[in-house]
Amino acid sequence: MRGGRMSPAREISKPRVRFAPSPTGRLHLGSARTALFNWLVARGSDGTMILRLEDTDKERSSPEFEHDILGSLHWMGIDWDEGPDVGGDHGPYRQSERMGMYGEYARQLLGQGKAYRCYCTSEELDARKKAAIADGRAWRYDRRCLELPENERGRLESEGVPYTVRFKVPAGTVTVEDMLRGDVNVDASEIDDFIIVRSDGSAGFHLAVVIDDMTMEVTHVIRGDDHLTNAVRHVLLFEALGARTPKFLHHSLLMGPDGSKLSKRHGSTSVSDYREKGYLHEALANYLALLSWSPGDDREIFLLPELVKEFSIAGVSASKAIFDFDKLNWLNRKHMRRLSASELTDLVVPFLEREGRDAQLALPREKLELAVESVRNGMEVLGDAVEPTDVFVRPAGELDDKARAELRKSAELDDALAMCAEVLGAGPSADMESAERMVAALREGAKGKGWGAKKVLWPFRLAVTGLTVGPDLVYLIIFWGPAGCAERIDATRATMEASGV
RNA sequence: GCCCCCAUCGUCUAGAGGCCUAGGAUAUCGCCCUUUCAAGGCGGCGACACGGGUUCGAAUCCCGUUGGGGGCACCA
């Protein structure tokens, strides 16, 4: 928490914040974190959350991605008060629908001499840039079109040569007031005259963002560190437009395990990937919040409402955040543990469906819940319930090789299994308590013979399930019932005899 | 290359000049529990990047170095 200690989120009075993704891909984990920070600030201080789609890049934007972004946000529990789907007083909320507005402001800047037309083509620019770099000079736009002779300008205009509009960066020092990093000062000479209107007449990113933030009355711009230098341009634009500059907070970027910006080569990076993998939305949101934010004490498990209550900008760190898959897994476990058997089962069912586990799905609901419950502490993600619950739909008497070998090794197998049959015969009921009593009785029985408990319990597992690994014995007893278990043991014996033991 | 940001265990972090022999979590290792796999309990390993200041005293403040990251598009 080096960067700065500003007022807690709830001390900000009615902020208007926005999350402004561009629909050029599925919602990235890093963007989700940005959205979460914005949302926490809004919800923690009676503010307004705005969702704005920055879809000015027609080539790369798609409705499919837009759908994924809204869906992923909703899944995480993030909502908004104004946005493309819910409307609001400052709409429209898609930049593609705001183009007319940008044109007006661009004309205003042009009229005031704060911007100028540039007739340089991309090719010319490219060539001059290459030349500059070859000469070892830093390349910045050379202002050729700002200094165009009048007659030349007139000729180009009358010929209708396409042009871009560039912002005329004034000399001086620009200060970005960042809530996390303090004042960031940059000399304007570092910034070249950037393009605010493209040659096709559409607004560029910087113009669109600033006009939107201005007209949407955004008070706090919370976004990634990668925009810190852009903020310099934005401050310049706000000033040129005579608008109040919002407060900024540039949080650190999400990195992969190797320390570079989290990207596909580190594995899955979209929220929907994690949803599909079987992570709980509570766990993902919790984890994302914990990257760069800390409550200041040892607590780590938070539900969204608790996060809203606890989150404060003062607890946000300015340093890098590496995405740690292990810790996410741990948090997912923690959050799964809070779920009831019924809730967990609801979440597991789609995974059983996806894997075509018809047999499990055909189970009566309470049996399925029991099966899921019995394997829950082995689960890291929801999909982990699929394979381990197979044990409950195995045919009786079917042995895998390891189980068969273990059974053969057992010296007093017949005695042990006879004891199992006896104990199982003692009770028809199949609740947790009586199942525990039966296991206890098996232990007692073993003790009575001077054996360790394993001598009886191990063959019990092997004979009932035909496998060497599986859920706790009490679950087996409840699932099949004492009589069912006894039958399965008999079936295993028959198998053993048939194979000549 | 230029500009900007960042710097505590492998990772996420606590730390607001003396509460620091630097705390927690995760990962890892070991032990315990134990019918299997886990889970759980207990314990171990493990960090203030470096160098200068300021100060009675620095992980904390300042400067420099190094390292990492970001930006320098008619992408956002």
Side-chain angles (χ1 to χ4, degrees), chain A residues 1-3 5 20-22 24 54-57 59-61 95 118 120-122 125-126 129 133 136-140 162-166 176 178 180-181 184-187 189-192 194-200 202 204-206 208-209 224-232 250 252-253 255 257 259-261 287 290-301 314-315 317-331 333 337 375-380 388 402-403 406 439 442-443 452-462 465 467-473:
Chain A
M1 204 160 57
R2 293 297 161 97
R5 286 164 228 288
S22 66
T24 55
E54 308 212 324
D55 57 350
T56 57
D57 186 342
E59 299 301 307
R60 299 196 301 148
S61 298
Q95 289 189 331
C118 172
C120 300
T121 64
S122 310
L125 256 14
D126 234 43
K129 181 174 175 178
I133 290 168
R137 302 194 316 265
W139 164 256
R140 269 180 218 111
Y163 58 87
T164 60
V165 177
R166 284 184 187 271
V176 177
D178 192 283
L180 198 55
R181 297 159 205 281
V184 177
N185 301 304
V186 175
D187 195 293
S189 64
E190 296 296 335
I191 309 291
D192 66 359
F194 53 94
I195 290 171
I196 56 176
V197 179
R198 304 186 186 108
S199 56
D200 66 358
S202 66
F205 167 72
H206 302 297
V209 166
D225 201 6
D226 49 343
H227 286 296
L228 188 51
T229 12
N230 287 332
V232 174
H250 292 93
S252 63
L253 260 22
M255 304 296 186
S260 68
K261 212 167 162 177
Y287 181 60
L290 242 31
L291 284 171
S292 293
W293 173 80
S294 146
D297 54 39
D298 292 345
R299 291 170 300 158
E300 296 198 287
I301 313 292
S317 151
S319 57
K320 57 153 182 27
I322 292 177
F323 194 85
D324 181 4
F325 300 89
D326 286 327
K327 188 124 185 191
L328 205 214
N329 287 338
W330 172 77
L331 265 177
R333 285 199 133 101
R337 198 163 299 169
V375 301
R376 88 190 291 163
N377 65 11
M379 293 167 64
E380 203 146 68
K402 270 187 274 178
E406 285 294 317
V439 174
L442 289 169
R443 284 179 196 284
K454 184 171 182 173
K455 209 135 204 176
V456 177
L457 301 182
W458 184 226
F460 183 98
R461 162 179 305 288
L462 299 166
T465 66
L467 298 171
T468 52
V469 295
D472 205 88
L473 296 185

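Below, chains carry the letters A, B, ... as their sequence lines are ordered, and counting in each starts from 1.
B:C3 atom P lies 9 Å from atom CZ of A:R140, rounded to whole Å. Across the protein-nucleic acid pair, A:K261 atom NZ and B:G69 atom P stand 12 Å apart, rounded to whole Å. Going from atom CD1 of A:I196 over to atom P of B:A76 covers 14 Å, rounded to whole Å. Atom CG of A:N185 and atom C1' of B:C5 are 13 Å apart (whole Å). What separates CG of A:N329 from P of B:A27 is a distance of 9 Å, to the nearest Å. Rounded to an integer number of Å, the gap from CG of A:L125 to P of B:C75 is 12 Å. To the nearest angstrom, P of B:A47 lies 18 Å from CD1 of A:I322. When the C1' atom of B:C12 is taken as reference, atom CZ of A:F325 falls 14 Å away, rounded to whole Å.
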Quiz prompt | Sequence-aligned protein contact record of nucleotides 34-41 of chain B, with B where the base is within under 4.0 Å of a protein heavy atom and S where only the sugar-phosphate is | solution = SBBSBSS-
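Remark: the separation of the P atoms in B:G10 and B:A49 is 11 Å, to the nearest Å. When the P atom is compared between B:C9 and B:A47, the two are found 9 Å apart, to the nearest whole Å. Rounded to the nearest Å, the gap between the C1' atom of B:G23 and that of B:G46 is 14 Å. One C1' atom belongs to B:G44, the other to B:G53, and the distance between them is 39 Å to the nearest Å. Taking atom C1' on both nucleotides, B:A58 is separated from B:A76 by 43 Å, rounded to a whole Å. The P atoms of B:A73 and B:G68 are separated by 23 Å, rounded to the nearest whole Å. Look at the C1' atom in both B:U60 and B:A7: the space between them is 13 Å, to the nearest Å. The gap from the C1' atom of B:C37 to that of B:C75 amounts to 50 Å, rounded to the nearest Å.
Across all strands shown, A:T465 has no heavy atoms under 4.0 Å from either base or sugar-phosphate atoms. In this structure, A:S199 reaches the bases: a heavy-atom distance under 4.0 Å links it to at least one base atom across the strands shown. Residue contacts shown for A:H227 include a base, since a base heavy atom lies under 4.0 Å away. No engagement by A:F460 is indicated, since no non-hydrogen atom pair under 4.0 Å with the nucleic acid exists. Within 4.0 Å of A:T56, counting heavy atoms only, lie sugar-phosphate atoms of the nucleic acid but no base atom. Counting any heavy atom pair closer than 4.0 Å across all strands shown, A:K402 reaches no nucleic acid atom. Within the nucleic acid shown, A:K455 has no heavy atom closer than 4.0 Å to any nucleic acid atom. Across all strands shown, A:N230 has heavy atoms under 4.0 Å from base atoms, whether or not it also approaches the sugar-phosphate.
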Practice problem: Determine, step by step, whether A:D225 and A:R181 satisfy the side-chain contact (heavy atoms from CB on, under 4.5 Å) criterion, reporting the C-alpha distance in whole Å, the side-chain angles of both residues, the deciding distance to 0.1 Å, and the verdict. | Solution: CA-CA 10 Å; A:D225 201 6; A:R181 297 159 205 281; 3.9 Å; yes
Quiz prompt | Steps toward side chain to side chain donor-acceptor pair (under 3.5 Å) verdict (A:R198, A:S202) | solution = CA-CA 5 Å; A:R198 304 186 186 108; A:S202 66; 2.9 Å; yes
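For the side chain to side chain donor-acceptor pair (under 3.5 Å) with A:H250, the qualifying choice from A:T229, A:D178, A:N230, A:D226 is A:D178, the only one to do so.
Out of B:A27, B:C74, B:C3, the shortest distance to the side chain of A:E190 is found at B:C3. In the set B:A73, B:C2, B:C6, B:C6 carries the atom at the smallest distance from any side-chain atom of A:S319. The A:R60 side chain lies nearest to B:C75 when the options are B:C75, B:C3, B:G70. For A:V184, taking side-chain heavy atoms from C-beta onward, the closest of the listed nucleotides B:U26, B:C5, B:A76 is B:C5.
Residue A:S292 places at least one side-chain N or O closer than 4.0 Å to OP1 or OP2 of B:U13.
Toward the 5' end of RNA chain B, the nearer of the two residues A:T164 and A:L291, judged by each one's closest nucleotide, is A:L291.
Nearest approach of A:P257 to A:F325, heavy atoms of both residues: CG-CE1, 3.9 Å. In plain terms, the two heavy atoms of A:D324 and A:Y287 that are nearest each other are N-OH, 2.7 Å.
Base-pair partner of B:U26: B:G10 (Watson-Crick or G-U wobble, both distances under 3.5 Å). In this structure B:G17 sits in no base pair that meets the Watson-Crick or G-U test at under 3.5 Å. Applying the Watson-Crick and G-U wobble criteria (two distances, each under 3.5 Å), B:A39 pairs with nothing in any strand. The pairing partner recorded for B:C50 is B:G64, the criterion being a Watson-Crick or G-U wobble arrangement whose two distances lie under 3.5 angstrom. B:G1 and B:C72 make up a base pair, with Watson-Crick or G-U wobble contacts both under 3.5 Å.
No more than 12 heavy atoms of other residues, nucleotides or ligands sit less than 6.0 Å from atom OH of A:Y163.
A salt bridge is defined here as a Lys NZ or Arg NE, NH1 or NH2 lying under 4.0 Å from an Asp or Glu carboxylate O, and A:D297 with A:R299 meets this definition.
Looking at heavy atoms from C-beta onward, A:F460 lies out of side-chain contact with A:V439 at the 4.5 angstrom threshold. Between A:R333 and A:E380, the closest side-chain pair of non-hydrogen atoms falls below 4.5 Å.
Here the CE atom belonging to A:M255 is positioned 14.0 Å from the CZ atom belonging to A:F323, to the nearest 0.5 angstrom. In this structure, CG on A:L228 lies 12.0 Å from OG on A:S252, to the nearest 0.5 angstrom. Atom OG of A:S61 sits about 9.5 Å away from atom CD of A:Q95, to the nearest 0.5 Å.
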Enumerate the protein-to-nucleotides 21-24 of chain B contacts in which both atoms are nitrogen or oxygen and the separation is below 3.5 Å.
none

Polar atom pairs (N or O), protein with nucleotides 62-68 of chain B, under 3.5 Å:
none

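A:T468 meets the side-chain contact (heavy atoms from CB on, under 4.5 Å) test with A:K402, A:A403, A:E406, A:W458, A:L462; sequence neighbours excluded. With sequence neighbours left out, the side-chain contact (heavy atoms from CB on, under 4.5 Å) criterion links A:A20 to A:R18, A:R52, A:E54. Taking A:D472 as the reference, A:V474, A:Y475 meet the side-chain contact (heavy atoms from CB on, under 4.5 Å) condition, with sequence neighbours excluded.
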